[in-house]
Number of protein chains: 2
Amino acid sequence: MNKAAGKLTESATARGRLPAHEVIYRQLRDLVLYGDLAPGQAVTIQGLTERLGAGMTPVREAIRRLIAEGALEFQGNRRVSVPLLNADNISELILARQWLDPHLSLRATERATPDDLEELTALDEALDRSISAGDLRGYLELNYRFHKRLYELAEAPILADLADGLWLRFGPSLRVVCGRLGTQNLPDKHKDLLEAMRAKDAEGAARAIREDVIQGMEQVRQSFDAPAVSN
Amino acid sequence: MNKAAGKLTESATARGRLPAHEVIYRQLRDLVLYGDLAPGQAVTIQGLTERLGAGMTPVREAIRRLIAEGALEFQGNRRVSVPLLNADNISELILARQWLDPHLSLRATERATPDDLEELTALDEALDRSISAGDLRGYLELNYRFHKRLYELAEAPILADLADGLWLRFGPSLRVVCGRLGTQNLPDKHKDLLEAMRAKDAEGAARAIREDVIQGMEQVRQSFDAPAVSN
DNA sequence: TTTGCCAGAATATGATCAAATTATTCGCTG
DNA sequence: CAGCGAATAATTTGATCATATTCTGGCAAA
């Protein structure tokens, strides 16, 4: 096998140069994940080519990917928009996360090395600083990265994919809710989780994350029962 | 609002003319779902433009969508292929379906009308005929449609999406396994399921589908422990 | 074995065509 | 004469293609 050749060739993608459609995909993904695009907002190809300064082919491909992941919605005619969730959708998401997240946390606890735990702890501390500073965007980003890292540690790529994909679906709504509540009222169970993980208490970790999920997602659900904002 | 205009215009997409990328997507999806593309097989853009007689832009978009759904795999360099599952992957899929399918069946049972039940029964009978006739492709297609219809009846679009997506992941492997076993040895629990649904026994339906999933998926898992075929 | 070259495939652009929404005009009725 | 509504024009946006460019992997020669 000429496995060495690949290394020596120092392929363009390997040395950090990602294809444009990949770059655009990640940018657009973050736009959805962190709620820079509001629920219901229309997404146009040409609008994005300007906003992200790219050709339309990469933008087009990025949009298709996001649609397939449920992050965007194809509206039958040729319109694409950020999905507008209803209370039932939220219930489904809560249900799915209530099953997936504990399962993944349990596996992550069994596999996490001290280094991994340190990394998670550092992420959580950064998260706390964002909350104190009232930095909403930072909170959303770090909170996601905390959970995402947990998924990765579980070494279950398919289940992690599923869990990861759910974040894209409630990302826009989460932003709206957190924007209303302010960063001060955003408790989490990360401390309990980390403690359980350090003790290799997999069941305890699963319980902690389950509470974290319920606590966070119920806030989103309640915002649907509450009177909708003006516009 | 000129909502009337839209109706009168009799929009092209509304009267059945789907965009090419959508058509290509569905064709390519079926190719994966029913195992016409073998696990590990390389998928090239230009190869598909010829095979499906389409331009490369629609093919490109279809491939991106399938990659996002986990039906295809982007191999880092510019290669795309049908994912080759390992035993761990199968375990993940079993786990996910063991949770999703019963849940959806339970909801479907609560909501199914007599007409719906009749439709499912008809699908199952057609399925039996395919088995008797030794028609593997027909079996794969009808079995999928049976479960897919069940997902739809649950009226939980997000969970249904997740469950549906899993089929794309084990489709190619399922084809290989069934090809080895022959259609005669493909038992299912559909009869038990339908009986429970007719009796509005939601818990019973959930149990039946759980057994159906385990029975079917375990066959796939075992084919990994069994000695791999020659090539 | 290593290095450089080459064929072939994928990426990316811009042009072109088609479709849908929005804006405008015109005619009608009250 | 004013206001409403329908038909139509104009603009915007999406879909598709042909083409240019870049990259990869293999092959051949040193």
Side-chain angles (χ1 to χ4, degrees), chain A residues 1-28 31 37 40-68 71-82, chain B residues 1-28 37 40-68 72-82:
Chain A
M1 306 294 183
N2 49 4
K3 204 183 288 180
K7 275 186 184 175
L8 294 176
T9 311
E10 191 69 48
S11 71
T13 62
R15 68 172 179 264
R17 293 193 44 175
L18 293 169
H21 65 83
E22 184 68 31
V23 175
I24 299 299
Y25 165 74
R26 296 188 187 183
Q27 289 179 353
L28 186 49
L31 250 36
L37 301 176
Q41 183 173 340
V43 172
T44 71
I45 293 177
Q46 309 207 358
L48 288 176
T49 57
E50 293 175 18
R51 178 166 184 168
L52 303 178
M56 55 193 305
T57 309
V59 169
R60 199 157 237 292
E61 293 185 43
I63 288 179
R64 294 297 167 222
R65 279 177 75 175
L66 272 311
I67 290 175
L72 295 177
E73 197 176 23
F74 186 67
Q75 298 230 314
N77 20 8
R78 330 156 122 197
R79 290 289 148 92
V80 174
S81 65
V82 181
Chain B
M1 307 296 181
N2 46 5
K3 201 184 287 179
K7 274 187 185 174
L8 295 176
T9 311
E10 189 70 46
S11 74
T13 62
R15 69 171 178 265
R17 295 196 41 178
L18 293 169
H21 63 82
E22 184 68 30
V23 175
I24 299 299
Y25 164 76
R26 296 187 187 184
Q27 289 179 354
L28 186 48
L37 301 176
Q41 183 172 341
V43 172
T44 69
I45 293 177
Q46 307 210 349
L48 288 175
T49 56
E50 294 174 18
R51 178 166 184 167
L52 302 179
M56 56 193 311
T57 309
V59 169
R60 202 158 234 291
E61 293 184 42
I63 288 178
R64 296 294 169 222
R65 277 177 76 175
L66 272 312
I67 290 175
L72 295 176
E73 197 175 24
F74 185 64
Q75 300 227 317
N77 17 11
R78 313 161 140 200
R79 294 287 154 86
V80 174
S81 64
V82 181

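Throughout, a chain's letter reflects where its sequence line sits, starting with A, and its residues are numbered from 1.
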(request) Return the set of residues passing side-chain contact (heavy atoms from CB on, under 4.5 Å) with A:Gln27 (not counting sequence neighbours), or none when no residue passes. (result) A:Val23, A:Ile24, A:Leu52
(message) Taking the side chain as everything from C-beta on, heavy atoms only, tell me whether A:Ile63 gets closer than 4.5 Å to A:Leu48.
(response) yes
(request) Check side-chain contact (heavy atoms from CB on, under 4.5 Å) between B:Thr49 and all other residues, then give those that pass, not counting sequence neighbours. (result) B:Ile45, B:Gln46, B:Met56, B:Val59
(message) What residues from residues 44-59 of chain B pass a heavy-atom cutoff of under 4.0 Å to DNA chain C?
(response) B:Thr44, B:Ile45, B:Gln46, B:Met56
(request) Using whole Å, report how far CD1 of A:Ile63 lies from P of D:dT16. (result) 14 Å
(request) Ignoring the backbone of A:Arg78, work out which of D:dG14, D:dT16, C:dA9 is nearest its side chain. (result) D:dG14
(message) By the 4.0 Å heavy-atom rule, please label A:Arg79 as base, sugar-phosphate, or nothing.
(response) sugar-phosphate
(message) Rounding to an integer number of Å, can you tell me how far B:Glu61 CD sits from D:dG14 P?
(response) 12 Å
(message) Less than 4.0 angstrom between a side-chain N/O of B:Arg64 and OP1 or OP2 of C:dT11, yes or no?
(response) yes
(request) Select one nucleotide: of D:dA15, C:dA12, D:dT24, the one nearest the side-chain heavy atoms of B:Asn77. (result) D:dT24
(message) So, using salt bridge (Lys or Arg N to Asp or Glu O under 4.0 Å) as the criterion, who are the partners of A:Glu22 when residues are at least two apart?
(response) A:Arg26, A:Arg65
(request) Grab the CG-C1' distance between B:Leu72 and C:dA10 for me, whole Å please. (result) 16 Å
(request) Any salt bridge (Lys or Arg N to Asp or Glu O under 4.0 Å) involving residues 40-63 of chain B? Give me the pairs, sequence neighbours left out, ordered by first then second residue. (result) A:Arg60-B:Glu61, A:Glu61-B:Arg60, A:Arg64-B:Glu61
(message) Holding to side chain to side chain donor-acceptor pair (under 3.5 Å), I want the full list of residues that pass it with B:Thr57, two or more places apart in sequence or in another chain.
(response) none
(request) Mind calculating the distance between CD (B:Glu22) and C1' (D:dA15) to the nearest angstrom? (result) 13 Å
(request) Let me know the distance between CD1 of B:Ile24 and C1' of D:dA15, rounded to the nearest Å. (result) 13 Å
